[in-house]
Amino acid sequence: MRTLVGVLASLLLVAIARYVPAADKLNVVLIAVDDMNCDVGCYGHPLVKTPAIDRLAARGVRFDRAYCQYPVCNPSRVSMLSGRRPDTAGVFDLVTPPRTYLRDAVFLPEYFRQQGYTTAHIGKIYHTGDPQEDPQSWDFETREWGKHPPQEAVIREQRIERPEKYYVEWNELRSSDEETADGAVARQSSELLDKLVKDTKPFLLGVGFRRPHSPYAAPKRYFDIYPVETIPPLVEPAAHLQGIPPVALTYPRDVPLLSAHERAETVAAYWACISFVDAQIGIVLDALDRNDLWKNTIVVFYSDHGYHLGEHGGLWHKMTLFEESARVPLVIAAPNIAGGGRVCNRVVELVDIYPTLVQLAPLPPMKGLEGASLCPLLDDPADGSHRWHKAASTQVVHGGVVGRSIRTERFRYIEWDGGSAGVELYDHDNDPREFVNLSGDPQFADVRSHLHKRVQPERDAKKVPPATPKPPPTTGSN
């Protein structure tokens with residue numbers, strides 16, 4: 001009887017969503033940033049200035065433990081926008097088009113378009129380049145441009161190269177915000193919101209910012225916020241690298257590290273870009289204010305993956321399964337959730353965004369999605385009324401070796417090549433920076449066995465990603 005009631009309730013929800021008048025459907029604004037870690041004010045960072053993101057978080061729910069499915073731009077974006085995990089999507093590099101294996105899948109913006117929404121994007125929502133774009137998702141699109149600033153705009157710059165394409169690069173600009181590509185994305189998006197609000201159709205707008213992706217390029221006034229001498233040094237126990245499998249690192253062990261001053265300059269440039277893109281986000285939020293859109297608009301802010309700033313002996317960029325690379329900022333604000341400024345500490349994933357927006361809009365449920373709606377956590381961030389029991393899966397390929405990670409609320413467990421190339425286990429209650437690999441500790445044998453079983457079914461059930469084409473190990477080229 002309980003099963004029959006559940007089926008009838010589901011059918012009723014579908015019917016309600018299917019016949020919601022257009023005027024009652026909520027608009028959606030997706031604000032995507034590229035390569036941003038959680039060095040953000042509302043995430044508790046003591047130095048980084050992000051008043052706009054903080055302002056958005058004060059309206060919604062900030063997810064403190066949100067994780068990407070693949071810490072590289074193209075596979076992460078395809079996973080999030082398709083609502084499928086990388087093994088299903090089949091995209092593991094920078095060059096595979098989104099629909100190579102998902103030919104009949106309905107991607108997130110396409111689904112909203114099918115449901116009567118006007119869909120548009122400005123900047124980077126799908127990955128860079130025409131083959132990675134998805135025209136059938138959009139009524140209007142302005143694709144990303146301006147990956148590198150014009151040389152005449154550069155005041156100071158730095159490019160530090162190492163073997164194996166390992167490098168860091170930044171540019172301090174004399175440009176005004178308006179003269180940058182991201183500044184244009186913000187202002188064009190603001191103008192488009194002024195137009196979309198006059199239409200009778202609901203809309204989905206994707207606003208995609210390039211920064212803080214390498215090269216870290218921002219106007220001088222943002223560099224001025226972070227004098228090099230104020231950047232704290234990175235302190236790590238040198239011996240901890242002995243417990244990390246070599247495959248877990250994206251740099252050769254014998255690569256010379258950046259000097260303390262070089263790292264400080266690079267971190268200052270990265271933080272300058274975070275504050276710069278935050279100011280551009282503020283332009284978009286101002287448009288929401290001006291048009292009184294908060295009453296009928298869902299706003300989602302997210303990064304495609306995290307980012308390293310020299311951790312674990314010299315990691316830069318992404319492409320690892322450590323916390324810094326897999327964890328992302330995620331904020332959701334919506335008119336039909338109670339209160340604002342709340343924090344959710346439950347484990348969530350980017351693949352959860354698609355089903356969440358479908359339920360919030362509301363639209364008919366979409367089949368084939370592999371995430372879970374975050375609506376229970378938006379209603380009750382503390383525990384989702386005890387309904388939320390999930391871990392986050394993140395994977396990556398290094399030189400043909402597949403790494404898979406499971407992140408629970410306490411532990412991160414990693415297997416490389418099914419464990420034959422290395423195993424890692426970190427206790428975040430006592431080791432949040434993942435210095436001590438407990439995989440060989442007998443006291444944690446049961447934990448390792450339990451988490452191994454959570455990784456194993458995925459690996460056995462899904463195809464193994466190809467070793468080629470192989471993304472560059474640590475470049476900022478994407």
Side-chain angles (χ1 to χ4, degrees), residues 27-36 66-115 117-144 185 203-210 213 298-305 328-330 332 348-361 363 365-374 392-395 478:
N27 306 311
V28 178
V29 175
L30 299 174
I31 302 176
V33 291
D34 201 342
D35 284 24
M36 184 183 288
Y67 296 91
C68 71
Q69 274 47 77
Y70 201 108
V72 177
C73 298
N74 189 38
S76 178
R77 289 166 186 262
V78 171
S79 173
M80 176 262 173
L81 291 165
S82 69
R84 274 78 170 178
R85 300 185 182 278
D87 284 322
T88 302
V91 176
F92 308 102
D93 56 29
L94 303 180
V95 298
T96 304
R99 295 183 181 274
T100 301
Y101 302 103
L102 293 177
R103 299 186 188 280
D104 298 324
V106 180
F107 283 62
L108 189 160
E110 180 189 11
Y111 185 56
F112 276 72
R113 190 182 186 193
Q114 291 178 354
Q115 298 299 317
Y117 278 65
T118 298
T119 61
H121 84 91
I122 298 176
K124 186 177 180 181
I125 298 297
Y126 285 88
H127 185 50
T128 306
D130 289 349
Q132 277 66 49
E133 295 285 359
D134 192 56
Q136 68 197 68
S137 286
W138 312 106
D139 292 296
F140 309 102
E141 57 176 342
T142 300
R143 296 179 179 180
E144 182 196 12
V185 166
F203 64 83
L204 181 150
L205 173 63
V207 183
F209 295 107
R210 178 72 180 183
H213 192 290
I298 307 161
V299 180
V300 181
F301 162 77
Y302 63 97
S303 177
D304 52 0
H305 45 71
V328 300
L330 173 64
I332 300 177
V348 303
E349 306 172 277
L350 290 183
V351 77
D352 298 331
I353 291 176
Y354 191 159
T356 302
L357 291 177
V358 168
Q359 184 173 353
L360 281 176
L363 300 178
M366 184 66 183
K367 294 182 179 179
L369 303 183
E370 295 178 347
S373 171
L374 299 174
S393 298
T394 305
Q395 62 190 86
N478 61 320

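Everything numeric here is computed off the predicted structure, so don't read it as measured data. Residues take their numbers from the sequence shown, with the count starting at 1.
Put simply, the side chain of Gln69 gets close to the backbone of Ser393: a donor and an acceptor are under 3.5 Å apart. At least one donor-acceptor pair closer than 3.5 Å links the side chain of Asp352 to the backbone N or O of Ala372. A donor-acceptor pair under 3.5 Å links the side-chain atoms of Thr356 to the main chain of Leu374, judged by distance alone. Judged by distance alone, with hydrogens and angles left aside, the side-chain atoms of Arg77 form a donor-acceptor pair with the main-chain N or O of Lys124 at under 3.5 Å. Checked by atom type and distance alone, the side chain of Arg113 never pairs as donor or acceptor with a backbone atom of Leu204 at under 3.5 Å. When atom types are taken as modelled, the side chain of Glu370 and the backbone of Arg85 share a donor-acceptor pair closer than 3.5 angstrom. Not one N or O on the side chain of Asp304 forms a donor-acceptor pair closer than 3.5 Å with the backbone of Asp34. Under a 3.5 Å cut-off, the side chain of Ser79 and the backbone N or O of Ser76 do not form any donor-acceptor pair. When atom types are taken as modelled, the side chain of Tyr354 and the backbone of Ser82 share no donor-acceptor pair closer than 3.5 angstrom.
For the atom pair CZ (Phe140) and OG1 (Thr118), the distance works out to 6.5 Å, reported to the nearest 0.5 Å.
Taking each heavy atom of Leu330 and Tyr302 in turn, the nearest pair found is CD1-CB, 3.9 Å. When all heavy atoms are compared, the tightest approach of Asp35 to His213 is OD2-CD2, 3.3 Å. When all heavy atoms of Leu94 and His127 are compared, the closest pair comes out as O-CD2, 3.4 Å. Scanning both residues, Lys367 and Arg84, for their nearest heavy atoms gives O-NH2, 3.8 Å.
Met80 has its side chain out of reach of Val351: every pair of non-hydrogen atoms, C-beta onward, lies at least 4.5 Å apart.
Phe92 and Tyr70 have tilted rings, their planes meeting at an angle from 30° to 60° on a 0 to 90° scale.
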